[in-house]
*Asks:* 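Let me give you the structure first, and then I'll get to my questions.
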Amino acid sequence: MQLQKNKVTNLELASKKIDGIIVNPGEEFSFWNLVGNATKRKGYLVGLVISNGRMKEGIGGGLCQMANMIHWLVLHTPLKVTELHHHSDALFPDSNRRVPFGTGTSISYKSLDYRFKNITKNPIQIRVWLDDTMLYGEIRGTVPLKEKYKIVEEDSYYAKEDEAFYRNSKVYRIIINKETKEEIKKELILNNHSKVMYDYELIPKEQVRN
């Protein structure tokens, strides 16, 4: 629980660097350019980090949650992701998952950044904030979007390969015309093939394919 409390502190520090930032047309957002190196001197605490498919303790742990949320917001806009590093392994069971598997991003100063570019004709603003229990975020624009975006996961299953289980699925982004409700485009954004790193007993048996 102390590591969870430390994560809140780390997210609060990072949010102060990101909240309110404006990305003008043609400009690129960089997570690490804004947040900088999360060091003890800056007030960052020890939290959980992922390294080589394993959880361990590290200064600034938990900041990937901020990057994950920003990426989730970006997926619901016409903004263009320019740098993204997917988690290669399935580290946790799917219980209570609120977003499709694999839609997060790995970050590590400075080798793994999260970036997107504003390819629209109008500026956008990022808002991020926390309360006692949740991390929140918004992307705001000066012009309403004509489309809405939906992220869906399909063909999800587990399969055993060489004595190890892998979680497989496809994640699509569906673009819908707000006025007509018609589907404009359905694009594959992720083809998951991730090694399961948790107890195999937690894999739903009905989702295992031979």
Side-chain angles (χ1 to χ4, degrees), residues 1-23 28-40 42-51 54-77 79 81-110 112-118 123-141 145 148-153 171 173 189-190 194 198:
M1 282 306 299
Q2 186 58 50
L3 294 178
Q4 286 292 94
K5 294 176 181 178
N6 290 354
K7 179 178 73 170
V8 173
T9 296
N10 295 340
L11 289 171
E12 287 176 339
L13 290 171
S15 69
K16 293 175 182 178
K17 299 290 186 177
I18 296 173
D19 184 41
I21 192 74
I22 293 174
V23 184
E28 187 177 48
F29 168 96
S30 163
F31 185 89
W32 289 125
N33 280 353
L34 286 173
V35 175
N37 193 8
T39 63
K40 185 177 181 180
K42 295 178 181 178
Y44 287 93
L45 304 175
V46 173
L48 288 176
V49 298
I50 301 171
S51 178
R54 293 288 187 271
M55 300 293 292
K56 67 177 187 179
E57 296 183 3
I59 297 293
L63 292 184
C64 61
Q65 186 173 341
M66 179 74 74
N68 288 344
M69 183 188 66
I70 293 173
H71 177 54
W72 181 249
L73 295 173
V74 168
L75 286 176
H76 291 79
T77 73
L79 302 169
V81 176
T82 53
E83 184 174 351
L84 172 68
H85 304 273
H86 288 292
H87 294 295
S88 58
D89 300 316
L91 300 175
F92 306 103
D94 279 3
S95 178
N96 298 319
R97 183 179 296 280
R98 300 178 66 181
V99 300
F101 174 78
T103 50
T105 177
S106 296
I107 54 171
S108 178
Y109 188 86
K110 293 180 176 179
L112 304 178
D113 200 359
Y114 176 74
R115 297 172 182 259
F116 69 82
K117 186 174 183 179
N118 184 357
I124 62 99
Q125 183 185 48
I126 300 177
R127 296 298 316 275
V128 291
W129 68 96
L130 297 88
D131 63 15
D132 292 338
T133 58
M134 298 288 288
L135 171 65
Y136 301 90
E138 293 178 347
I139 291 183
R140 298 179 176 182
L145 296 178
K148 66 178 182 179
Y149 299 78
K150 184 166 66 171
I151 312 301
V152 298
E153 184 180 17
V171 179
R173 183 168 79 155
I189 60 173
L190 184 60
S194 304
Y198 52 85

*Asks:* Rounded to the nearest 0.5 Å, how far apart are CD of Gln125 and CD1 of Ile139?
*Replies:* 10.5 Å
*Asks:* Scan for salt bridge (charged side-chain N to carboxylate O under 4.0 Å, His left out) pairs involving residues 124-135, sequence neighbours excluded, and state none if there are none.
*Replies:* Asp19-Arg127
*Asks:* Are the side chain of Asn10 and the backbone of Leu45 linked by a donor-acceptor contact shorter than 3.5 Å?
*Replies:* yes
*Asks:* About how many Å separate NZ of Lys42 and CG of Asn37, when rounded to the nearest 0.5 Å?
*Replies:* 5.5 Å
*Asks:* Could you check whether the rings of Tyr114 and His71 sit parallel, tilted or perpendicular, using 30° and 60° as the cut-offs?
*Replies:*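 Because their plane-to-plane angle is over 60°, the rings of Tyr114 and His71 count as perpendicular.
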*Asks:* So do Leu48 and Lys7 actually touch side chain to side chain, heavy atoms under 4.5 Å?
*Replies:* no
*Asks:* Let me confirm one number: the CD1-CZ distance from Ile124 to Phe29, rounded to the nearest 0.5 Å.
*Replies:* 8.5 Å
*Asks:* Main chain of Gly47, side chain of Asn6: is a donor-acceptor contact present, judged purely on distance under 3.5 Å?
*Replies:*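 Not confirmed, Asn6 side chain does not pair with Gly47 backbone.
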*Asks:* CD1 of Ile189 to CD of Glu153: how many Å apart, nearest 0.5 Å?
*Replies:* 10.5 Å
*Asks:* Which pair of non-hydrogen atoms, one from Leu11 and one from Met66, has the smallest distance, and what is that distance?
*Replies:* O-CE, 3.7 Å
*Asks:* Under the criterion side-chain contact (heavy atoms from CB on, under 4.5 Å), I'd like the reasoning laid out for Ile18 against Ile126: C-alpha separation, chi angles, the key distance, then a yes or no.
*Replies:* CA-CA 7 Å; Ile18 296 173; Ile126 300 177; 4.0 Å; yes
*Asks:* How would you list, by chain and number, every residue that makes a ring pair (Phe, Tyr, Trp, His ring centres under 6.0 Å) with Tyr109, sequence neighbours excluded?
*Replies:* Trp32
*Asks:* With the side chain counted from C-beta on, respond yes when Ser15 and Tyr136 share a heavy-atom pair under 4.5 Å apart, and no when they do not.
*Replies:* no
